[in-house]
Enquirer: 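Once you've had a glance at the structure underneath, I'll fire off some questions.
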Amino acid sequence: MSNDQDNRENKLSDVSDIGAFSGGKLSKDQHVSASTNTTAVEVAKTGSTKDMILWLLAAVLLIAATLANQYLPGYWQPANDVWVRIGMIVALVVGALVCLALTNQGRAFKILLRDAAVELRRVTWPDKDETFQYTWQVLVVIAIVGFFIWILDNFFNWFVGIFIG
């Protein structure tokens, strides 16, 4: 019976994965494309010249964002206003994030977030009574371990005090 239940759960998880990839609407084409979908690790390991250029551009934009507050007012008169500097820094950081999102690693991160959302839907959260019970168990264990560490600390203080004098 357990084996049958595992098979049903696997089939249900496959169907929910396909539904998550297709936005909840299933079709034959989407079923095939979802089963051949690459993982985030495979996407992240691929690289290209475009990726290297985007990574370098993102690094330059982030460095410019860190230096903008100090050096920009000396070269550009409107940057003497603090809100213009904040706007420029935000624009540089957003530009760097856009560049990073366009890389293969950025695509892999988006796949990872989508997969995490699917997994979060599968989580069974504890109810109020379970949460209360587990909280008290954790507090009791913390008190016991804390008392044990306090006893060890006092013992080692006494033991080192014997040798130091």
Enquirer: Between Leu100 and Phe109, is the side chain to side chain contact (heavy atoms under 4.5 Å, CB included) condition met? List the steps.
Expert: CA-CA 10 Å; Leu100 292 175; Phe109 185 69; over 6 Å; no
Enquirer: Quick one: list whatever passes side-chain hydrogen bond (donor to acceptor under 3.5 Å, both in side chains) with Asp81, sequence neighbours left out.
Expert: none
Enquirer: Using every non-hydrogen atom in the two residues, find where Arg85 and Asn69 come nearest and quote the distance to one decimal.
Expert: NE-OD1, 2.8 Å
Enquirer: Let me confirm one number: the CG-CZ distance from Leu102 to Arg107, rounded to the nearest 0.5 Å.
Expert: 11.0 Å
Enquirer: Taking a hydrophobic cluster as the set of Ile, Leu, Val, Met, Phe, Trp and Tyr residues connected by side-chain heavy atoms closer than 4.5 Å, whether directly or through intermediates, do Ile162 and Leu152 fall within one such cluster?
Expert: yes
Enquirer: Compute the ring centroids of Phe159 and Phe163, then answer whether they are less than 6.0 Å apart.
Expert: yes
Enquirer: As an exercise, state the distance from CG of Leu92 to CG of Leu97, rounded to the nearest 0.5 Å.
Expert: 11.0 Å
Enquirer: Between CG of Asn157 and CD1 of Ile164, what distance do you get to the nearest 0.5 Å?
Expert: 9.5 Å
Enquirer: Mind checking whether Trp158 and Ile151 sit in one hydrophobic cluster, side chains of I, L, V, M, F, W, Y counted as touching below 4.5 Å?
Expert: no
Enquirer: Under 4.5 Å between side-chain heavy atoms, counting indirect links through other Ile/Leu/Val/Met/Phe/Trp/Tyr residues: same cluster for Leu72 and Ile63 or not?
Expert: no
Enquirer: Using the test side chain to side chain contact (heavy atoms under 4.5 Å, CB included), find all partners of Tyr134 that sit at least two apart in sequence or belong to another chain.
Expert: Glu130, Gln137
Enquirer: In this structure, would Val141 and Ile149 fall into the same cluster of hydrophobic residues linked by side-chain contacts under 4.5 Å?
Expert: yes
Enquirer: Using ring pair (Phe, Tyr, Trp, His ring centres under 6.0 Å) as the criterion, list what pairs up with Phe147, not counting sequence neighbours.
Expert: Trp150
Enquirer: CH2/Trp125 to CG/Leu120 distance, rounded to the nearest 0.5 angstrom?
Expert: 6.0 Å
Enquirer: Report the distance from atom CG of Leu61 to atom CG of Leu54, rounding to the nearest 0.5 Å.
Expert: 10.5 Å
Enquirer: Measure the NZ-CD distance between Lys128 and Gln133 for me, rounded to the nearest 0.5 Å.
Expert: 14.5 Å
Enquirer: Set out, in order, the CA-CA distance, both residues' side-chain angles and the distance that settles side chain to side chain contact (heavy atoms under 4.5 Å, CB included) for Ile144 and Val140, then state yes or no.
Expert: CA-CA 6 Å; Ile144 292 169; Val140 167; 3.9 Å; yes
Enquirer: Which residue in the set Ile53, Leu57, Leu56 passes side chain to side chain contact (heavy atoms under 4.5 Å, CB included) when paired with Cys99?
Expert: Leu57
Enquirer: Tell me whether Val94 shares a hydrophobic cluster with Ile89, the cluster being built from Ile, Leu, Val, Met, Phe, Trp, Tyr side chains joined at under 4.5 Å.
Expert: no
Enquirer: How close do Pro73 and Ala79 get, counting heavy atoms only, and between which atoms?
Expert: CG-O, 3.7 Å
Enquirer: Does either side chain, that of Asp51 or that of Thr103, offer a donor lying less than 3.5 Å from an acceptor on the other one?
Expert: no
